[in-house]
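Everything on this sheet refers to the single structure shown next.
Values below: every heavy atom of this structure, side chains too, minus hydrogens, waters and symmetry copies. Computed from a prediction, not measured in an experiment: that's the story for all the values here.
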Amino acid sequence: MEFEKISSFSIDHIKLKPGLYVSRRDVVGNSVVTTFDIRVTSPNDEPVMNTAEVHAFEHLGATFLRNHSVYKDKILYFGPMGCRTGFYLLMSGDYNSEEILPLVGEMFSFVADYDGSVPGASPRDCGNYLDMSLPMAKFYARKYLSEVVSTVDESKLNYPE
């Protein structure tokens, strides 16, 4: 069986740097679903994030987004990429990177400043609750805020050619 190459495998990961990219837009019924590529580390150049920090970040990010006063009803999914270089955010609506950057910045600030127990980090609430690292999730949140949010330009909002 021959398969078509999916769009996320068509991005030049050698040129890809940390940023906030529109990965795809899908029409579902009468709605558009926008998938964002929140790239935290430079693929094949920097070490990937370990599962513990990715897992803690996932719990904190999903909690923040699904409680956001403006966007909570637009959040469909927030979770890690299999390659562990970032996260996917799926939102109901037709959005671009520039208009969602403030929301993503708020989420990364929330994680960077978070102090307390990670939401859902208990045996009742999570299937792997012991595999979490809040200190490293905070490290990557600060890294993204410094490298992307505070120094944003077009190269960090559009996939490289």
Side-chain angles (χ1 to χ4, degrees), residues 3 5-14 16-26 28 31 33-93 95 97 100-150 156 159:
F3 294 103
K5 192 174 191 179
I6 63 173
S7 60
S8 62
F9 295 155
S10 299
I11 304 305
D12 187 342
H13 285 71
I14 294 169
L16 189 58
K17 300 296 177 201
L20 175 62
Y21 309 102
V22 172
S23 176
R24 57 185 293 147
R25 288 183 177 90
D26 296 289
V28 180
S31 299
V33 174
T34 305
T35 300
F36 290 97
D37 170 335
I38 304 172
R39 195 63 60 153
V40 177
T41 66
S42 185
N44 305 306
D45 185 42
E46 293 181 278
V48 298
M49 294 179 285
N50 291 311
T51 59
E53 50 261 30
V54 167
H55 194 194
F57 204 113
E58 174 195 15
H59 277 236
L60 289 164
T63 298
F64 173 82
L65 292 166
R66 291 189 176 122
N67 284 280
H68 194 272
S69 62
V70 175
Y71 289 104
K72 66 182 176 184
D73 294 331
K74 301 292 185 181
I75 305 302
L76 301 176
Y77 173 78
F78 173 76
M81 296 176 177
C83 62
R84 296 179 299 159
T85 62
F87 301 91
Y88 286 117
L89 170 61
L90 278 70
M91 296 181 66
S92 176
Y95 297 101
S97 297
I100 294 305
L101 184 64
L103 171 65
V104 171
E106 283 181 56
M107 175 181 62
F108 275 79
S109 292
F110 172 77
V111 173
D113 297 336
Y114 190 81
D115 191 27
S117 298
V118 175
S122 72
R124 181 186 169 277
D125 298 337
C126 178
N128 193 14
Y129 77 101
L130 293 175
D131 187 23
M132 298 221 193
S133 174
L134 178 57
M136 286 305 296
K138 292 168 73 128
F139 167 84
Y140 281 106
R142 289 189 300 270
K143 176 186 184 302
Y144 190 85
L145 288 166
S146 171
E147 292 181 5
V148 177
V149 176
S150 67
K156 296 174 185 174
Y159 279 134

G93 backbone acceptor or donor facing T34 side chain under 3.5 Å: yes
Got a donor-acceptor contact below 3.5 angstrom from the S150 side chain to the L145 backbone? yes
Least distance between heavy atoms, V111 atom then K138 atom: O-CG, 3.2 Å
The side chain to side chain donor-acceptor pair (under 3.5 Å) partners of Y114 (sequence neighbours excluded) come to none
For R142, the side chain to side chain donor-acceptor pair (under 3.5 Å) test, sequence neighbours excluded, returns none
Measure the CG-CG distance between D45 and L16 for me, rounded to the nearest 0.5 Å. 10.5 Å
Step-by-step side chain to side chain contact (heavy atoms under 4.5 Å, CB included) determination, M49 to V40: CA-CA 9 Å; M49 294 179 285; V40 177; 4.0 Å; yes
Can you tell me how far OH of Y95 sits from OG1 of T35, rounded to the nearest 0.5 angstrom? 13.0 Å
Going from CG on L134 to CG on D115, what distance comes out if it is rounded to the nearest 0.5 angstrom? 7.5 Å
Can you name the nearest heavy-atom pair linking I38 to M107, along with the distance? CD1-CE, 4.1 Å
Which residues pass the side chain to side chain donor-acceptor pair (under 3.5 Å) test with R24, not counting sequence neighbours? D26
Less than 6.0 angstrom separating the ring centers of Y140 and F57, yes or no? no
L20 and I100: which non-hydrogen atoms are nearest, and at how many Å? CD2-C, 4.2 Å
By side-chain contact (heavy atoms from CB on, under 4.5 Å), which residues pair with S146, not counting sequence neighbours? none
Rounded distance (nearest 0.5 Å) linking atom CG of L103 with atom CG of L65: 5.5 Å
Would you give the length of the straight line joining atom CZ of R84 to atom OG1 of T41, rounded to the nearest 0.5 angstrom? 9.5 Å
Only distances under 3.5 Å count here; give the side-chain donor-acceptor pairs of residues 117-128 to other protein atoms, sequence neighbours excluded, each with its distance to 0.1 Å.
residue	atom	partner	partner atom	Å
S122	OG	D125	N	3.3
S122	OG	D125	OD2	3.1

What's the separation between atom CZ in F36 and atom OG in S97, rounded to the nearest 0.5 Å? 5.5 Å
Polar side-chain atom of E53 near backbone of N50 as donor-acceptor pair, under 3.5 Å: yes
Could you pull out all residues at least two apart from E58 that satisfy side chain to side chain donor-acceptor pair (under 3.5 Å)? none
Reference residue F108; test ring pair (Phe, Tyr, Trp, His ring centres under 6.0 Å); the match among Y144, F64, F139: Y144
Go through the steps to decide whether E46 and K143 satisfy the test salt bridge (Lys or Arg N to Asp or Glu O under 4.0 Å), and finish with yes or no. CA-CA 12 Å; E46 293 181 278; K143 176 186 184 302; 3.2 Å; yes
Any residue meeting salt bridge (Lys or Arg N to Asp or Glu O under 4.0 Å) with K156, in chain and number order, not counting sequence neighbours: none
State, without any angle test, whether D12 and Y159 hold a side-chain donor-acceptor pair at a distance under 3.5 Å. no
Quick one: side chains of residues 66-83, donor-acceptor pairs under 3.5 Å with protein atoms, not counting sequence neighbours, listed by atom name and distance.
residue	atom	partner	partner atom	Å
N67	ND2	T63	O	2.7
H68	ND1	V70	N	3.1
H68	ND1	Y71	N	3.2
H68	NE2	E106	OE1	3.1

Between H13 and N44, what is the shortest heavy-atom contact and its length? CB-ND2, 4.0 Å
Over all atoms of both residues, closest heavy-atom pair of P43 and R39: CG-NH1, 3.7 Å
